[in-house]
Amino acid sequence: MIQARDLAKVYGDKTAVDGVTFTVQPGRVTGFLGPNGAGKSTTMRMIMGLDAPTRGSVTVNGEPYVKHQAPLREIGALLEARAVHPGRTAYTHLRALAATHGIPNSRVSEVIEMTGLGAVARKKVKGFSLGMGQRLGIAAALLGDPQVVVLDEPVNGLDPEGVLWVRNLVKYLASEGRTVFLSSHLMSEMSQTADHLIVIGRGRIIADAPIADILNGQGQARTRVRTDAPEQLAGLLAREGVSIQTKERELLEVSGLEPREIAQTALRNGVLVYELTPLTASLEEAYLELTKDDVEYRSDRPDAGHTTAKHAAEAGAAPTAASNPTASNPTGSGLEPTQTQEANR
Ligand SMILES: Nc1ncnc2c1ncn2[C@@H]1O[C@H](COP(=O)(O)OP(=O)(O)OP(=O)(O)O)[C@@H](O)[C@H]1O
């Protein structure tokens, strides 16, 4: 278990982590999700005793990392900065690490096997691809057979097969009752891997909940509506708090109203509706909604395809597909926030 209490880190005038309190429980994969610069790596470095907190505390199985007699057996980590001597082979690197922690050589062979490094274990690390380097980092993290595993952006640089492998590995580790804490800026990745999410933005916790709760709690319920009179129906439904998008001819997406209300309005006004489908927010949308105020670097996202009732009322009519050329892309740029930020850096 990892427990952070009012954990903060300030670098000069930059507050990287701003008093976070959370618990990472064993037996499940906890995702640590946030845009670039949110404070994920800094938090993980403090968990591993590599950075001293400016305020607050963080413990691993009840003790700060540095207090553990054999920390590698308690917690294994893959952090962004890898310190591997490039002239060493994967095998000699892991052996040296094992030797300094009293770990038998048989465990070195085991983790090489587990991480699929068998074929390259005797090759020099300097020739390793990013993906092989990530696997070696994970092998090192697992060397002490630790109860707690912390991985900072573990799928970075991995090919699809590698991504799948990490996904299955972390799920397996959690199923064995270990505490697994995994950072990523990609919601798509987290949605397929984590059971529980801690979302961080600008150094603060924005959400700490099971994935399902984050999905249910974010954004308004939307309904897909097919009608032969989309403009008339949009005009009838338009009011404060209601958002209507024209997705294509005869297809609207309505937020802020229950399907029953939409049906009643249509019925009262003699408008034919031939589909009413409740839509759940995608995890991606939930994430964008959660972090919209907490992205450190942001390019202006066009408010594409999004028309509020107020706008519709001002225009005197509902938006049409023609006036809304990007209406099929409700998140605007379609980029993950981090991609938007990268472009801006
Ligand atoms: N050693 C440092 N000195 C000064 N500022 C730092 C230092 N380390 C991190 N920061 C700043 O603290 C903030 C949080 O950085 P951190 O690396 O923890 O974020 P992150 O969520 O891991 O982001 P990324 O996904 O980009 O790695 C950023 O604004 C970063 O520039």
Side-chain angles (χ1 to χ4, degrees), residues 2 4-22 24 29-58 60 65 75-83 130-131 133-134 137-138 141 149-158 163 166 170 180-194 196-208 214 283-284 286-299 301 333 335-345:
I2 301 170
R5 295 283 168 269
D6 191 29
L7 185 66
K9 181 72 190 177
V10 179
Y11 297 107
D13 59 358
K14 174 81 204 172
T15 301
V17 178
D18 197 4
V20 295
T21 296
F22 61 83
V24 185
V29 177
T30 300
F32 195 30
L33 183 69
N36 287 123
K40 304 181 295 296
S41 301
T42 305
T43 302
M44 286 183 158
R45 282 200 306 272
M46 289 193 283
I47 294 171
M48 299 306 296
L50 296 171
D51 258 348
T54 309
R55 187 178 82 232
S57 66
V58 59
V60 176
Y65 180 91
I75 180 166
L78 166 76
L79 298 186
E80 271 180 319
R82 277 194 305 276
L130 191 56
Q134 289 291 83
I138 294 172
V149 179
V150 170
L151 306 176
D152 197 0
E153 303 268 0
V155 301
N156 258 4
L158 295 183
V163 170
V166 169
V170 297
V180 182
F181 195 37
L182 200 69
S183 86
S184 177
H185 57 268
L186 297 174
M187 183 53 134
S188 48
E189 182 44 43
M190 284 294 167
S191 65
Q192 297 188 64
T193 312
H196 190 96
L197 279 185
I198 296 176
V199 183
I200 186 169
R202 290 184 186 260
R204 294 183 174 206
I205 303 293
I206 304 172
D208 182 347
I214 288 184
L283 216 45
E284 203 65 60
Y287 177 45
L288 286 171
E289 182 66 24
L290 274 172
T291 56
K292 68 179 183 214
D293 300 324
D294 296 291
V295 174
E296 191 174 37
Y297 310 99
R298 178 194 291 280
S299 61
R301 270 190 292 145
S333 66
L335 295 174
E336 296 251 3
T338 42
Q339 286 173 280
T340 316
Q341 299 145 25
E342 296 288 9
N344 224 17
R345 276 187 158 178

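Everything numeric in this text was worked out from a predicted model, so none of it was measured. Numbering of ligands and ligand atoms starts at 1, following listing order.
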Next on the checklist: Closer than 4.0 Å to some heavy atom of Asn36 - which atoms of ligand 1 meet that?
Outcome noted: 23 (O), 24 (P), 25 (O), 26 (O)
Checklist entry - What's the shortest heavy-atom distance between Val29 and Val170, and which atoms? => result CG2-O, 3.5 Å
Checklist entry - Is there a side-chain contact (heavy atoms from CB on, under 4.5 Å) between Val60 and Phe181 once you walk through the steps? => result CA-CA 12 Å; Val60 176; Phe181 195 37; over 6 Å; no
Checklist outcome for this item: The salt bridge (charged side-chain N to carboxylate O under 4.0 Å, His left out) partners of Arg55 (sequence neighbours excluded) come to Asp6
Checklist entry - If you measure from CZ on Arg45 to CG on Asp152, what distance do you get to the nearest 0.5 Å? => result 8.5 Å
Item to check | Sub-4.0 Å heavy-atom contact, Gly34 with ligand 1 | outcome: no
Item to check | Ligand-residue contact atoms, ligand 1 with Pro35, heavy atoms, under 4.0 Å | outcome: 21 (O)
Next on the checklist: Is any side-chain heavy atom of Ile200 closer than 4.5 Å to one of Phe22?
Outcome noted: no
Checklist entry - Counting from 1, what ligand 1 atoms have a heavy atom of Thr42 closer than 4.0 Å? => result 9 (C), 15 (O), 16 (P), 18 (O)
Item to check | Part of Lys14 within contact of ligand 1 (heavy atoms, under 4.0 Å) | outcome: side chain
Checklist entry - N/O to N/O below 3.5 Å, does that happen between Ala16 and ligand 1? => result no
Checklist entry - Does any N or O atom in His185 lie less than 3.5 angstrom from one in ligand 1, N or O only? => result no
Checklist outcome for this item: Separation between CG (Leu182) and CE (Met190), nearest 0.5 Å, reads 4.5 Å
Next on the checklist: So, 4.0 Å and heavy atoms of Arg45: is ligand 1 close enough to count as a contact?
Outcome noted: yes
